[in-house]
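One is the number of the first residue; the rest follow in order along the sequence.
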Amino acid sequence: MELLKQKILDEGKTVGSDVVKVDMFLNHQIDVDLLCEIGKEFRRIFDSEKINKILTIEASGIGIACIAAQYFSVPVVFAKKGANRNVGDNIYKADVYSFTKGVTTTIGISKDYIGKDDHILIIDDFMANGKAVHGLINIINQAGATVEGIGIVIEKGFQSGGDSLRSMGYRVESLAVIKSIDDGKVVFG
Ligand code: G4P
């Protein structure tokens, strides 16, 4: 998606050779007009009529998923972090290890909001090693629901997440794929 790539080039800030900060339009301040274009693009790519729910993970995924959901006319369910704490039994849980942050988080979704009849589109802001998406798929499998696709705003193609999910047969569509960060400059794949 050219608009998104240009935004990353114009406003993104690289940190070392493997992180790009996009706080000014995606992760802190949010460019809502851009999110609308992102939502329309996800709708264009995932035109399956089967999708009846969008799943994401707090925090940054929520805004993106909600705006995209307007173009699908479906509800959004987001996995909550910290589901290891006193949340009762009515919840599907999965552990997610973050390489970026070096911590494991337990994510959870209430059994009230996901079930075997659901056909789910997963949406998230970043894909690095794909652990967050694997955690969501784990929960979807526990619920007996179906993964229809995975929509990612920015994939770091030099990390393993996208390829590992594609090799498992999932349809992963990323609107911008970063091939590398060379001398502080983002190079798209
Ligand atoms: P993974 O799920 O693909 O394995 O990624 P990883 O654990 O490495 O990423 C942990 C967090 O860092 C995620 O946010 C992810 O979106 C974010 N992240 C990873 N690489 C980058 C990057 O290059 N730039 C930016 N801006 N973010 C990156 P999170 O913990 O879920 O945070 P949030 O959604 O609450 O903001």
Heavy-atom side-chain proximity of [X] to [Y] below 4.5 angstrom:
X      : Y      : result
Ile178 : Val186 : yes
Val19  : Thr14  : no
Leu34  : Leu3   : yes
Asp23  : Gln29  : no
Leu165 : Asp163 : no
Tyr113 : Asp118 : no
Val172 : Ser174 : yes
Met24  : Lys13  : yes

### Working for side chain to side chain contact (heavy atoms under 4.5 Å, CB included), residues Phe72 and Asn52
CA-CA 8 Å; Phe72 289 83; Asn52 73 324; over 6 Å; no
Chi angles and distances behind the side chain to side chain contact (heavy atoms under 4.5 Å, CB included) call for Val96, Thr104: CA-CA 5 Å; Val96 173; Thr104 297; 6.0 Å; no
Around [X], counting heavy atoms of other residues, nucleotides and ligands shown, do more than 12 lie under 6.0 Å from its [atom1]?
X      : atom1 : answer
Lys179 : NZ    : no
Phe158 : CZ    : yes
Lys5   : NZ    : yes
Asp183 : CG    : no

Are [X] and [Y] linked, directly or through other ILVMFWY residues, by side chains that come within less than 4.5 angstrom of each other?
X      : Y      : value
Phe126 : Ile137 : no
Ile67  : Ile154 : yes
Leu175 : Tyr170 : no
Ile45  : Val76  : yes
Met127 : Ile139 : yes

Considering all heavy atoms of both residues, which atom of [X] and which atom of [Y] are nearest to each other, and what is their separation?
X      : Y      : answer
Ile140 : Thr146 : CG2-N, 4.1 Å
Ala145 : Ile114 : CB-CG1, 4.3 Å
Ile123 : Ala68  : CD1-CB, 3.8 Å
Ala69  : Ile54  : CA-CD1, 3.7 Å
Thr105 : Lys81  : CG2-CB, 3.7 Å
Glu155 : Arg166 : OE1-NH2, 2.8 Å

Run the side chain to side chain donor-acceptor pair (under 3.5 Å) check on Thr106 and Asp95 step by step: do they pass? CA-CA 4 Å; Thr106 304; Asp95 285 337; 2.7 Å; yes
Distance in Å, [X] [atom1] paired with [Y] [atom2], rounded so as to fall on 0.5 Å steps:
X      : Y      : atom1 : atom2 : answer
Glu148 : Ile51  : CD    : CD1   : 6.0 Å
Gln70  : Lys40  : CD    : NZ    : 10.5 Å
Lys185 : Ser180 : NZ    : OG    : 10.0 Å
Phe25  : Leu35  : CZ    : CG    : 9.5 Å

| query | What do the steps show when you test Leu26 against Val153 for side chain to side chain contact (heavy atoms under 4.5 Å, CB included), and what is the final call? | reply | CA-CA 10 Å; Leu26 197 63; Val153 179; 4.1 Å; yes
Please check: side-chain N/O of Ser110 versus main-chain N/O of Asp112, any donor-acceptor pairing under 3.5 Å?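 Yes.
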(message) Please verify the inter-ring angle class for Phe42 with Phe46; under 30° counts as parallel, over 60° as perpendicular, anything in between as tilted.
(response) tilted
Face-on cation placement of Lys131 at Phe99 ring, 6.0 Å and 45° thresholds
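Cation-pi check for Lys131 and Phe99: fails.
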Can we say Glu41 and Arg43 salt-bridge, meaning some charged N sits less than 4.0 Å from an Asp/Glu carboxylate O? no
| Charged N-O contact under 4.0 Å between Asp10 and Lys7 |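 No salt bridge links Asp10 with Lys7.
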Problem - Stepwise side chain to side chain contact (heavy atoms under 4.5 Å, CB included) test for Glu37 and Met1 - result: CA-CA 9 Å; Glu37 296 308 314; Met1 183 181 172; 3.6 Å; yes
Can you confirm whether the side chains of Asn27 and Ser60 place a donor and an acceptor under 3.5 Å from each other? yes
Can you name the one residue among Asp125, Ile122, Val133 that meets side-chain contact (heavy atoms from CB on, under 4.5 Å) with Ile152?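 Single side-chain contact (heavy atoms from CB on, under 4.5 Å) partner of Ile152 among Asp125, Ile122, Val133: Val133.
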